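Please read these numbers as outputs of a predicted model, since none were measured by experiment.
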There are 2 protein chains.
Amino acid sequence: MMSNLKQLAQTLGLSITTVSRALDGYSDVAVVTRERVRAAAHAINYRPNSAARSLRRRKAETVAVTLPMEPGRFGPPVFLNMLAACSQRLAEEGLDLMLLPTAGRAAEMETYRRLVDGGRADAIIVVRTRLEDERVAFLKERAIPFVTHGRTARAHEHAFIDGDGEAGFREATRLLASLGHRRIAHISAPQDLTFAHLRRIGWHAGLAHENLPEALECAARPTEIGGYEATRWLLQQPSRPTGLLCATDSIAIGALSALKECGLVAGRDVAVIGHDNLPSAAFTDPPLSTMEIAAPDVGCQLAEMLIARLGGRDPRDLQTILPVRQVPRATHGRPN
Amino acid sequence: MMSNLKQLAQTLGLSITTVSRALDGYSDVAVVTRERVRAAAHAINYRPNSAARSLRRRKAETVAVTLPMEPGRFGPPVFLNMLAACSQRLAEEGLDLMLLPTAGRAAEMETYRRLVDGGRADAIIVVRTRLEDERVAFLKERAIPFVTHGRTARAHEHAFIDGDGEAGFREATRLLASLGHRRIAHISAPQDLTFAHLRRIGWHAGLAHENLPEALECAARPTEIGGYEATRWLLQQPSRPTGLLCATDSIAIGALSALKECGLVAGRDVAVIGHDNLPSAAFTDPPLSTMEIAAPDVGCQLAEMLIARLGGRDPRDLQTILPVRQVPRATHGRPN
DNA sequence: TTGACTTTCCAAAACGTTTCGGATGCACTG
DNA sequence: CAGTGCATCCGAAACGTTTTGGAAAGTCAA
């Protein structure tokens, strides 16, 4: 069923070499022959065997990304859209993007080894980056091209693309302060995740800039439940916050639910701001004030960086921090 | 950097054959040799080149699934969790699960061809199945093992796993009827998608069973916006429905938002029921009544079916319809 | 007619693995 | 000592492609 060059060559009365070169459009095969070959290949639905091709070419023509299945960074919708855009751009260069779900860090590292040492991928996208990231260390040691989505502690040494969550949270904090809030709490995601770390830094900087005192902070898993529980806790504290800066929209959605349960209305009694602008964020009650990366084409830019890295470009030329845009809706009013 | 059997054999003073067989645990290599080989392989982090291996073995040891990027079926969180579980089970059999994002049906079909005719995948998972599905037709013609997630019009001929959305919607309709609702509308997803078709059938059957008249129906994209717009429209109709059966939770979330905007409270003025039990469904206001597939291990079952298919089992023995469980929360009260 | 050049094609090697069909040496049997 | 059987190893072919280094035939100028 699966046809190959040999069959094709036999039916055409040509050599394997010529057929191969015809399909690849080399100039040393006659135009008429090339067209004849192409027609035949099309007729039998020939597709080159990818194992044989990448064995010979010594490259997989594939970019891989592992999908750690714990919650975090943005929720999949946004995230997958980014990867879809990335994949489209990569396809133009003849590169496949393949996603590999992994459960747990150990399994993820083993996948990395199979990918890299087994020659399954020519380049890698690292997502859900941590400040100290063993995957980045591994890839640097193996000297395989990669781009991280999110920075690391040693981001100056590798290619990355990231949103400026720090600035976003600084601005959001200052926005709340300018509205009169003085107790602006932060519900943070696990601090080993770089994005969570930076957003917390931004919140801190905003407080300092506005000469506000140290405010409450609560660590949470980046899920609705995490946000719900953190908010319940914050509301029980002696100096209850009037503003809630949530590391992610998922957290914020949980926070909204907790507020309602306590008879508080978001945007009037307590201000809430999230990050990511999830599709459902516009449909919460009240609609969630949030922020998002301003670029419409992160995935495409990510692809460009990968292509550049594969072309040998210096990773230090490939470091993009994208501005973050506030998406004000109804949950960030002045304190009453 | 990338080490291979030849190097390994040279440093060990053995033949490539023996090294290969030692690593694969054949019994015709001495125990002491085998251990020596394994130690050396471990030391240099040897991983077999996957292209060479699958070229020789004539199989890719890979199961593929394309991810169509339009919205639909369940939102990614649930969906990816299922695939992650599937991938874990497949890994136990030495199979990789790879996800390939695709944009548009044409691109998806081209990906299928590269996967199948190019020998990149030994089996395929079809998601977001349609009643008449060109992908299923293609795979059947090529006689490559596959399992669909969701049925097709010709489901009796192939392996599938699916939730019993029809029964779920029938029950939900009868539940609302038993609470006193008489005008139960349905917000449907595009009817070429099997799941949408079946849920609509279930709603219809429920109405018939309760001797309720034909009720309003509105087609929507399976997104929050779709649900929002459909609900706005339904509320403007002369005989406004008191119950809203939404094809998906995303739709239901949009519906909740529209109801609120019209000053109606869900669960009191209008009953709303969704499907999928998204993580955020527990955190809407009021918490969304919905339903979900009762099995905790759909992904794992899916993997088992793939393994069985790869083992040559008849697809007609591999057809699972999983029960759907109602998840009642606060949006399905009696009409006032 | 000869030589140089161009056009068009091809044989064979190589990529790294698995596997078939022995080969070698040794112990044991009769 | 010949014969048998076993334990351990290995050479070589094969998987399907790309690519190197020509070969063959035709064209053209001198």
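Between D:dC9 and B:T33, a contact under 4.0 Å exists linking OP1 or OP2 to a side-chain N or O. For A:T18, a side-chain nitrogen or oxygen approaches OP1 or OP2 of C:dC10 to under 4.0 Å. Contact between the side-chain N/O atoms of B:S20 and the OP1/OP2 oxygens of C:dT18 is found at a separation under 4.0 Å. Within the 4.0 Å cut-off from OP1 or OP2 of C:dC10, at least one side-chain nitrogen or oxygen of A:S15 is found. At D:dA14, none of the side-chain N or O atoms of B:R57 fall inside 4.0 Å of OP1 or OP2 (strictly under the cut-off). Between A:Y46 and the phosphate of D:dT17, there is a side-chain N or O to OP1/OP2 separation shorter than 4.0 Å. For the pair B:Y26 and C:dT19, the criterion of a side-chain N or O lying under 4.0 Å from OP1 or OP2 is met.
When the P atom of C:dC15 is taken as reference, atom CZ of B:R56 falls 18 Å away, rounded to whole Å. Put simply, CG on B:N49 is 6 Å from P on C:dT17, counting in whole angstrom units. Rounded to whole angstrom, the span from the CZ atom of B:R21 across to the P atom of C:dG16 amounts to 21 Å. We find that CZ of A:R58 is positioned 17 Å from C1' of D:dG16, with the value rounded to whole Å. For the pair A:R34 CZ and C:dC9 P, the interatomic distance rounds to 11 Å; values are reported in whole Å. Spacing between atom CG of B:L12 and atom P of D:dT8 amounts to 17 Å, rounded to whole angstrom units. Rounded to an integer number of Å, the gap from B:K59 NZ to C:dT19 C1' is 13 Å. Atom-to-atom, CG of A:L55 to C1' of C:dC15 comes out at 4 Å; the value is rounded to the nearest Å.
Nucleic acid contact for A:L14: sugar-phosphate only, since backbone atoms but no base atoms lie under 4.0 Å from a heavy atom of the residue.
Applying the 3.5 Å distance criterion, the base of D:dT19 shares a donor-acceptor pair with the side chain of A:T17. For A:N4 against D:dC15, no side-chain N or O and base N or O form a donor-acceptor pair under 3.5 Å.
Using a cutoff of 4.0 Å between basic side-chain nitrogens and carboxylate oxygens, A:D24 and A:R57 are scored as salt-bridged. For B:R105 and B:E134, the salt-bridge test passes: some basic side-chain N is under 4.0 Å from an acidic carboxylate O. In this structure, B:D314 does not pair ionically with B:R309, as no charged nitrogen and carboxylate oxygen lie closer than 4.0 Å.
If you check the side chains of A:R130 and A:T148, you find no donor sitting under 3.5 Å from an acceptor.
Aromatic ring centres of B:H149 and B:F160 lie farther apart than the 6.0 Å criterion allows.
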